[in-house]
Amino acid sequence: MSEAVIIDGKGLAQELREELGHRVTELRAQVGRPPALTVILVGEDPASQVYVRNKERACEKAGIRGEVLRLPASTSAGEIHREILRINEDPSVDGLLVQLPVPDGIDPAALREWIDPAKDVDGLHPRNVGLLASGMPGLVPCTPLGCLRMLRHHHVATAGARAVVLGRSLIVGRPMAALLSAKGVDATVTLAHSRSRDLAAICRQADILVAAAGVPQLVQPDWVRRGATVLDVGIHRVDDPTHPKGARLVGDVDPGVREVAGYLSPVPGGVGPMTIAMLLENTVTAFCRREGLEAGGES
Ligand code: NAD
């Protein structure tokens with residue numbers, strides 16, 4: 001029995017970032033300034049610090065001006081609001097996001113509404129959520145955008161396919177379901193979640209299964225139809241004394257699924273790197289739209 005083709009998200013992301021780098025060089029010459037992304041980081045969450053540093057480095061490599069506004073955990077919602085409004089007004093900034101999670105006491109829903117939808121590169125502003133739901137161009141969350149790009153890269157047939165998305169978060173599950181069911185992608189989508197009955201049976205129907213439940217190795221080999229495409233969005237650090245770093249990353253999908261699936265995105269090296277590439281792409285898309293240029297991109 002043949003094993004799944006492993007979808008090399010890391011390699012694909014690298015290719016996309018290089019292409020984007022060339023595009024940025026051209027755009028910079030044309031417009032006279034580079035695309036720019038500002039990330040607001042509130043507090044000292046160690047994982048967030050790593051994510052933000054990675055975003056900063058990725059911007060630099062692509063020729064995008066990346067800036068991080070580091071605010072102490074004690075910053076009030078009012079102060080964050082003022083900073084967001086200031087960056088909204090700054091004509092030299094194209095993309096703005098607040099790294100999640102934010103400290104207790106700050107409402108992420110309020111933050112989402114404060115960001116100018118034209119600069120909302122995480123695609124979480126209600127306006128962008130609504131545009132995606134209506135099939136109109138806006139800014140689309142990076143992780144589902146990356147997942148769609150992986151399917152396209154491998155020519156996975158989506159029209160008429162049965163897709164199951166596990167998880168209904170605003171940042172992954174819901175926009176993934178919206179993208180898969182959009183005109184032109186045309187999958188028949190089931191959005192499953194923590195209250196869904198008999199997940200295994202639902203998953204077994206899937207030609208395309210996107211696992212974003214945030215539960216380590218939830219998806220078992222007998223949940224997967226032979227030959228199905230499985231995208232593993234989950235990221236979990238688990239202790240492993242045999243690993244040189246004492247811990248390793250696992251996803252929402254059990255490694256045994258490799259024996260059953262047709263295509264499988266690995267963790268690490270799958271969806272994660274694609275998410276960063278899509279963040280850069282969304283920043284360039286926002287830049288182009290703000291400058292009245294053809295956006296290209298997927299959003
Ligand atoms: P979340 O916690 O906001 O949402 C999880 C969703 O899964 C919820 O809608 C919940 O109803 C559902 N769920 C929980 N338990 C379930 C179960 N047993 N069965 C079915 N559904 C269940 O998480 P999120 O922000 O959407 O992230 C999901 C996972 O993806 C996490 O592991 C996160 O670390 C990872 N993630 C990865 C990337 C990336 O770039 N690779 C980006 C974002 C999130």
Side-chain angles (χ1 to χ4, degrees), residues 6-10 12-14 16-17 39 45-55 58 97-102 107-109 111-112 121-124 129 132 140-151 163-180 189-206 209-220 222-224 230-238 247-254 257 264-282:
I6 298 300
I7 302 177
D8 177 14
K10 192 174 171 193
L12 177 56
Q14 186 57 37
L16 293 171
R17 283 167 57 167
V39 178
D45 180 67
S48 294
Q49 310 239 17
V50 174
Y51 291 144
V52 165
R53 251 199 315 277
N54 289 344
K55 288 172 184 173
L97 68 89
V98 180
Q99 182 67 42
L100 298 174
V102 283
D107 177 12
L111 297 178
R112 293 197 284 271
V121 284
D122 262 348
L124 298 177
V129 175
L132 176 59
V140 176
C142 305
T143 302
L145 205 52
C147 288
L148 186 63
R149 202 54 76 77
M150 291 166 116
L151 296 177
V164 173
V165 179
L166 284 184
R168 57 178 161 184
S169 71
L170 195 63
I171 195 154
V172 188
R174 285 174 194 271
M176 186 76 249
L179 278 177
L180 285 165
V189 181
T190 301
L191 182 56
H193 48 78
S194 52
R195 304 293 296 273
S196 297
R197 250 184 295 133
D198 203 354
L199 274 182
I202 294 172
C203 290
R204 269 194 291 274
Q205 301 216 324
L209 176 61
V210 182
V215 180
Q217 302 182 344
L218 173 71
V219 176
Q220 294 298 305
D222 65 349
W223 291 27
V224 175
V230 180
L231 300 181
D232 189 355
V233 177
I235 306 179
H236 314 278
R237 190 173 294 278
V238 295
R248 66 194 160 87
L249 293 182
V250 301
D252 277 10
V253 175
D254 186 275
V257 167
L264 174 65
S265 77
V267 176
V271 175
M274 290 298 289
T275 297
I276 293 211
M278 293 301 102
L279 174 64
L280 303 178
E281 187 172 288
N282 271 354

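Atoms within a ligand are numbered from 1 in the order they appear, just like the ligands themselves.
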Any side-chain heavy-atom pair from Leu97 and Lys55 closer than 4.5 angstrom?
yes

Working to the nearest 0.5 angstrom, can you tell me the gap between Leu148 CG and Met278 CE?
9.5 Å

Atom 19 (N) of ligand 1 - nearest protein heavy atom and its distance
Leu199 CD1, 3.0 Å

I want to confirm something. Looking only at heavy atoms, which of Asp252, Ile171, Ile276 is nearest to atom 25 (O) of ligand 1?
Ile171

Output for pair (Tyr51 OH, Leu279 CG), nearest 0.5 Å, gives 14.0 Å

For atom 24 (P) of ligand 1, the protein heavy atom that lies nearest, with its residue and separation
Ser169 OG, 3.7 Å

Heavy atoms only: which of Gly234, Ser265, Ala213, Gly251 lies closest to atom 5 (C) of ligand 1?
Ala213

If you take the nearest heavy atom of each of Gly167, Gly173, Cys142, which one is closest to atom 6 (C) of ligand 1?
Gly167

Ligand 1 atoms in contact with Val172 (distance to a heavy atom under 4.0 Å)
26 (O), 43 (C), 44 (C)

Looking only at heavy atoms, is any part of Thr275 under 4.0 Å from ligand 1, and if so is it the side chain, the backbone, or both, or is it neither?
side chain

Identify the protein heavy atom lying closest to atom 36 (N) of ligand 1, giving its residue, its atom name and the separation to 0.1 Å.
Val233 O, 3.6 Å

Quick look: His236 vs ligand 1, heavy-atom contacts under 4.0 Å, and the answer is side chain

Gap between atom CG of Leu145 and atom CG of Leu132 - 0.5 Å precision
9.5 Å

From CD (Gln14) to CG (Asp8), nearest 0.5 Å:
10.0 Å

Is any side-chain heavy atom of Ser194 closer than 4.5 Å to one of Arg168?
yes

Ala212: numbered ligand 1 atoms lying under 4.0 Å from its heavy atoms:
5 (C), 6 (C), 7 (O), 28 (C)

Is there side-chain contact between Leu180 and Leu151, with at least one heavy-atom pair below 4.5 Å?
yes

Residue, atom name and distance, where the atom is the protein heavy atom closest to atom 42 (C) of ligand 1
Thr143 OG1, 3.2 Å

Side chain to side chain contact (heavy atoms under 4.5 Å, CB included) with Asp252: which of Val267, Asp232, Val233?
Asp232

Geometry only, no angles: is Ser194 polar-contacting ligand 1 at N/O separations under 3.5 Å?
yes

In Å, rounded to the nearest 0.5 Å, how long is the span from CD1 of Ile276 to CZ of Arg17?
6.5 Å

Looking only at protein heavy atoms, which one is nearest to atom 8 (C) of ligand 1, and how far off is it?
Arg168 N, 3.9 Å

Passes side-chain contact (heavy atoms from CB on, under 4.5 Å), Thr143 versus Ile171? Steps please.
CA-CA 8 Å; Thr143 302; Ile171 195 154; 5.6 Å; no

Residue Gly272 vicinity, atoms of ligand 1 by number, heavy atom under 4.0 Å
40 (O), 41 (N)

Does the protein place any heavy atom closer than 4.0 Å to atom 2 (O) of ligand 1?
no

Enter the distance from Ile202:CD1 to Thr190:OG1 here, rounded to the nearest 0.5 Å.
7.0 Å

How close does the nearest protein non-hydrogen atom get to atom 31 (C) of ligand 1, and which residue and atom is it?
Gly214 CA, 3.7 Å

Shortest heavy-atom approach to atom 34 (O) of ligand 1 - which of Val215, Ile202, Ile235, Leu249
Ile235

